[in-house]
Amino acid sequence: MQQAPATAQPDPPTLPPFTALVAAWGEGPQVEAHIESFKAMRWPGAELILVAGGKDDTYARAKALEGDGVRVLEQKPGMGKQRSLREALKHARHDLIFLTDADCLFEREVLQKLFAPIVEGRYQAVTGGSRPLPSQAGNPLADYERAREVTFFANHPAESDGILGRNAALTRRALEQAGDFAEDVPTGTDYHLAKKLLEAGHKIGFVRESLIPSEYPDTPRSYLQRRRRWVKNLLVHDPQKNRAALIQSAALAALVLLAPVWLLLPKPLGWVLLLPALAALALRYRDMLRGGASLRTLLRVPYFTVLDQIGVLGALWDYYDPKRRRKW
């Protein structure tokens, strides 16, 4: 009886050594989960350089888990994210640099997908997306943002004009040409780095399949804080490009927030002024349905839409207030 030829087994995926640079401030127990997820990957040659600090015990928690590829440096008050990354970079051993946040969890498959365009020589800088932490399943606000991102990621072109600082990779050469974090950047470090990469002539590849687990805002306060910061940073780092669009967004936000007033006006004027609010709500529901939002989330869409508009107006307030403009 003739023996069947052995089936060729595919080669295991290449796992290039990399250095992860992370700034952690006031993360508490989350920094432990972050470090443990890195170690759980068992990625040959990988190293995590964590610059940790805060008024809590973040540094002590991280320091206790040092070893097995993890190095912990202390982040002093006032250093901020940019200076912390600059300090971490001094200790990096590898040519492949991964940037993420301390409230994210490492996953081997996520990083493999992100690194692939660099390993294949197609790009020297790439960025991916994110998704809520498993522990946030069922939270309507986290689900709301996730569902909106499904549409955003699906329609995103193959190349990006920005990077997501919690899921980005680049070569040492590209980082060096972008300044090696040399400039002090009080807020919007991701926007600044992307701008420097583009100025240096590097295209930024977008890897839509790479979604790192990350802590999403799950309370109105944390959601508004992050949204205000993100929108404000668009103006801080590229005012010429973004000012007109954000002023239009602010005008729309005002119309939406004043919707109850429009109902009191005589028809048809009141109904005409109400149209922007209805259109904004319709777009949100479209994104929710495309993103597979839960029923609990769908019921809260009007409220979350109001939060979005407050965030836009708050961001403009922060930008035009010199004391708040550079605040994280």
Side-chain angles (χ1 to χ4, degrees), residues 17-43 45-94 96-108 110-111 114 130 132-136 163-170 172 175 179-193 212-218 222 225-226 229-230 233 326-328:
F18 70 91
T19 298
L21 307 180
V22 180
W25 182 263
E27 297 291 343
Q30 182 60 41
V31 77
E32 296 172 328
H34 179 76
I35 295 173
E36 294 292 1
S37 69
F38 172 82
K39 293 182 177 181
M41 289 194 303
R42 300 185 180 276
W43 192 297
E47 63 176 357
L48 167 61
I49 302 178
L50 187 70
V51 186
K55 296 180 180 180
D56 59 0
D57 57 353
T58 295
Y59 175 70
R61 288 175 180 269
K63 196 68 176 177
L65 294 174
E66 194 172 36
D68 296 327
V70 178
R71 181 168 184 176
V72 179
L73 309 174
E74 185 174 7
Q75 182 180 163
K76 302 293 185 180
M79 281 181 66
K81 184 176 181 179
Q82 184 82 346
R83 287 177 58 191
S84 296
L85 293 176
R86 186 189 314 157
E87 183 63 29
L89 182 61
K90 297 176 183 178
H91 305 273
R93 294 187 294 112
H94 300 305
L96 180 59
I97 303 296
F98 176 58
L99 302 176
T100 189
D101 291 338
D103 60 3
C104 297
L105 300 178
F106 289 89
E107 283 188 359
R108 178 179 286 215
V110 170
L111 269 63
L114 184 71
S130 62
L133 295 173
S135 60
Q136 294 184 298
I163 64 170
L164 188 66
R166 57 184 177 271
N167 190 18
L170 66 169
R172 284 295 295 268
L175 185 53
D180 275 347
F181 306 117
E183 297 182 46
D184 288 331
V185 182
T187 184
T189 55
D190 311 344
Y191 294 97
H192 180 78
L193 177 57
I212 195 166
S214 176
E215 185 177 31
Y216 276 46
D218 52 13
S222 62
Q225 286 177 337
R226 186 159 87 168
R229 185 176 74 248
W230 282 4
N233 287 336
R326 298 290 175 178
K327 187 177 179 181
W328 178 257

Hey, does [Y] have a side-chain heavy atom less than 4.5 Å from the side chain of [X]?
{"X": "L170", "Y": "I163", "result": "no"}
{"X": "R71", "Y": "E47", "result": "no"}
{"X": "E107", "Y": "M41", "result": "no"}
{"X": "V51", "Y": "H91", "result": "no"}

**Test: K63 and D57 ion pair at under 4.0 Å** =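 No, K63 and D57 are not salt-bridged.
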**Request:** Run the salt-bridge test on E36 and K39 with the 4.0 Å N-O cut-off and return the result as yes or no.
**Result:**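 No, E36 and K39 are not salt-bridged.
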Give me the atom names and distance for the closest heavy-atom approach of [X] to [Y].
{"X": "V31", "Y": "A24", "result": "CG2-CB, 4.3 Å"}
{"X": "A92", "Y": "L21", "result": "CB-CD2, 4.5 Å"}
{"X": "A102", "Y": "A23", "result": "CB-O, 4.3 Å"}
{"X": "L105", "Y": "P134", "result": "CD1-CD, 4.5 Å"}

**Residues that Q225 engages under side chain to side chain contact (heavy atoms under 4.5 Å, CB included), provided they are two or more places apart** =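 Applying side chain to side chain contact (heavy atoms under 4.5 Å, CB included) to Q225 gives R221.
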Measure the [atom1]-[atom2] distance between [X] and [Y] for me, rounded to the nearest 0.5 Å.
{"X": "L133", "Y": "I212", "atom1": "CG", "atom2": "CD1", "answer": "10.0 Å"}
{"X": "E87", "Y": "E74", "atom1": "CD", "atom2": "CD", "answer": "11.5 Å"}
{"X": "R172", "Y": "L96", "atom1": "CZ", "atom2": "CG", "answer": "11.0 Å"}
{"X": "L50", "Y": "F38", "atom1": "CG", "atom2": "CZ", "answer": "10.5 Å"}
{"X": "K90", "Y": "F181", "atom1": "NZ", "atom2": "CZ", "answer": "13.0 Å"}
{"X": "L175", "Y": "D180", "atom1": "CG", "atom2": "CG", "answer": "4.5 Å"}

Check: [Y] main-chain N/O paired with [X] side-chain donor or acceptor under 3.5 Å:
{"X": "Q82", "Y": "E183", "result": "yes"}
{"X": "D56", "Y": "T58", "result": "yes"}
{"X": "Y59", "Y": "V72", "result": "no"}
{"X": "Q136", "Y": "Y216", "result": "yes"}

**Item:** Identified side-chain contact (heavy atoms from CB on, under 4.5 Å) partner of T19 from the options I97, L48, L89
**Value:**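 Passing option: I97.
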**Prompt:** Does CZ in R42 sit with more than 12 non-hydrogen atoms of other residues, nucleotides or ligands closer than 6.0 Å?
**Reply:**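 Open: at most 12 neighbouring heavy atoms sit under 6.0 Å from CZ of R42.
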**Request:** Not counting sequence neighbours, list each pair that qualifies as a side-chain hydrogen bond (donor to acceptor under 3.5 Å, both in side chains) and has a residue in residues 23-32.
**Result:**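 Listed once each, the pairs are E32-R61.
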**Item:** Evaluation steps, side-chain contact (heavy atoms from CB on, under 4.5 Å), between L65 and V70
**Value:** CA-CA 8 Å; L65 294 174; V70 178; 5.9 Å; no
**Asked** Parallel, tilted or perpendicular: which describes the rings of H34 and F106, with under 30° parallel and over 60° perpendicular?
**Response**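 Because their plane-to-plane angle lies in the 30° to 60° range, the rings of H34 and F106 count as tilted.
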